[in-house]
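Here is the structure we will look at.
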Amino acid sequence: MTTPFPFTALVGQDDLRLALLLNAVSPAVGGVLVRGEKGTAKSTAVRALSALLPEVPVVAGCRFSCDPAKPDPACPDGPHEAGNGVERPARMVELPVGASEDRLVGSLDIERALAEGVKSFEPGLLADAHRGILYVDEVNLLHDHLVDLLLDAAAMGASYVEREGVSVRHASKFLLVGTMNPEEGELRPQLLDRFGLTVEVAASREPDQRVEVVRRRLAYDDDPGGFTARWADEEAAVRQRIVGARELLPSVRLGDGALRQIAATCAAFEVDGMRADIVMARTATALAAWAGRTEVLAEDVRQAALLALPHRRRRNPFDAPGLDEDKLDETLEEFSGDGEGDEDPDPDGPGGGGGQPPSEGPQDDGSSGAQPEAGDGGEPQAGGAGAGEQSAVRAAEPFRTKVLSVPGLGDGVAGRRSRARTEHGRTTGARRPRGALTKLHLAATMQAAAPHQRARGRSGPGLVVRRDDLRQATREGREGNLVLFVVDASGSMAARQRMSAVKGAVLSLLLDAYQRRDKVGLVTFRGSAADVALPPTSSVDAAAARLETLPTGGRTPLAAGLLKAHDVLRVERLRDPARRALVVVVTDGRATGGPEPVALASRAARLFAAEGVASVVVDCESGPVRLGLAGQLAGELGGTAVTLDELRADSIAGLVKDVQRRAA
């Protein structure tokens, strides 16, 4: 068994450590979502926490970790009589990104249920994690329906499995911790809200602190056992402090003054619903218990707001994370009531390290890391810098768009854009199962078994069902696609501030892609070449940042832009062959620069048509005289064209039909 890195040996990351410890004291806080760039000890901290949790008493032989003092009356392995049990370490269960629904919630043996009338249940990860930690690395890449099941179980404290009229329920209370890199894509706001606390982490920029991180890591890798032993006393002290805080927690008083501050803070930051108020109240109470106090103070409320509110005030993925601390302080001061906030904080309380080694340097502000370096995707290409180059302009306000879909029926990952064969959705038919049966089509199974009842010697009222009779339900839902934007950044696009409107339109489509769980990519062309400003990614905020810094100027190498997009799609097909693409070309249709630019662009466009790639051209041409070049380009691509005005007016309802008609 691998020895985990000691929790108290972690360098810096004070907010991360505090958020994890508060959930260890009070799991009712609702878990932690840890956001940050790669290599910032997110997973190390979570795994280290499991070694600090006190041992849990369980009923011997119970697969669902029932508490012997209060056994679950509905436990599938029960009923259990109250009495002495056995103690074991608290578990940390890891949920892989590619896990199936049955692996998460457990599975019923439908074949035995139908043929033998036996309710046989195999527990899943939610049962294993009961009274421990459930850890989801890269939670933003987990399928939405699995996240929904996970968060429902966390909220209700129980897991329900229902299949074809057979149901099982078992207790499932755990400390939920998710980690994610925002550069790989965001969680939907509805799912963000279900995590109690969120922490932004980033690597320290202080050389001394970075040196200490490397020194400790190398020492641990050389001798894990010896390194862990050197931190044993500190680990034991924090473990004992967790036990003490848990015992003190029921005695902590949350006064009316603190409650008014919590309510006023949530109202001031305009968070939706009441979950934020409840989470803040529980977090402030846990902070007081962690500090060894029985009274919630103003500094507890302030720290609770910094942990519980930043992710709840984001309205879309382009909003910067964080909280205006000046506004927070003003709100707390205005509703200070009896002056609780004037008391000095406990030196061992929130932010004091909690029995951990002191922070060796200032904590980084924890920005997401998704912002590009200045100039990404916007520097002039070789030979493409023209004297008329203009600096980047701000995008116009985004607006709601109607859906653009890829025609046909795909087999891609679950999403919300195009029709696809999926594990979830409406039932469209039945087939013989390939491997384990996951979704039974009951009527088709009965129909397959019925003709053989006499030959099988049926004598009772029930059908005699065999393995060959079972039928798997086929279902149709929606998939996520790769939406590849090919944006004209040449000099002609800068005329009459056209680029601001263009960026606003692309930003609107990016927001739509985020909501529909797509991957996005960005290719720009200007001067004499094209550039992959952003390779295909699930992070639409990274695409928006690249778009914001995009300058314009130079000639229009349309062919180069299309060929670069074609190369991106070719590589992406090798990486993710099931994900279908939708190419959105944003241009006025002009092609200039180099020999025969129009003919080259035409030949490049026909490559997409020959391969059946779905495409839409957003026509940016304006003015009283229009050449209709974007419409011609759309025809050569085998796609459709829509003007900027039509896009902004939400007048693209016919696009899907047009794409499908051309594909037919």
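In this chain, residues are counted from 1 in sequence order. What's counted below: heavy atoms across the whole structure, side chains too, no hydrogens, waters or symmetry copies.
Side chains of Thr8 and Glu234: no donor on one and acceptor on the other come within 3.5 Å. Between the side chains of Thr179 and Tyr135, at least one donor N or O lies within less than 3.5 Å of an accepting N or O.
A salt bridge is defined here as a Lys NZ or Arg NE, NH1 or NH2 lying under 4.0 Å from an Asp or Glu carboxylate O, and Arg302 with Glu299 fails to meet this definition. Using a 4.0 Å cut-off between charged side-chain N and carboxylate O, Glu206 and Arg210 make no salt bridge. The pair Asp72-Arg169 counts as a salt bridge, with a side-chain nitrogen and a carboxylate oxygen less than 4.0 angstrom apart. One finds no salt bridge joining Arg579 and Asp518 here, because no Lys/Arg side-chain nitrogen approaches an Asp/Glu carboxylate oxygen to under 4.0 Å.
When all heavy atoms of Gly196 and Val279 are compared, the pair lying nearest together is O-CG1, 3.3 Å. When all heavy atoms are compared, the tightest approach of Ala298 to Leu332 is O-CD1, 4.5 Å.
Partner Thr198 forms a side chain to side chain contact (heavy atoms under 4.5 Å, CB included) with one of Leu309, Leu33, Asp15, Val32 and no other, that one being Leu33.
Put simply, the side chain of Ser26 never gets that close to the backbone of Asn23: no donor and acceptor are under 3.5 Å apart.
Note: Thr44 OG1 to Arg217 CZ = 5.5 Å, rounded to the nearest 0.5 Å.
Note on residues 54-69: pairs passing side-chain hydrogen bond (donor to acceptor under 3.5 Å, both in side chains), not counting sequence neighbours, are Arg63-Asp77, Ser65-Arg88.
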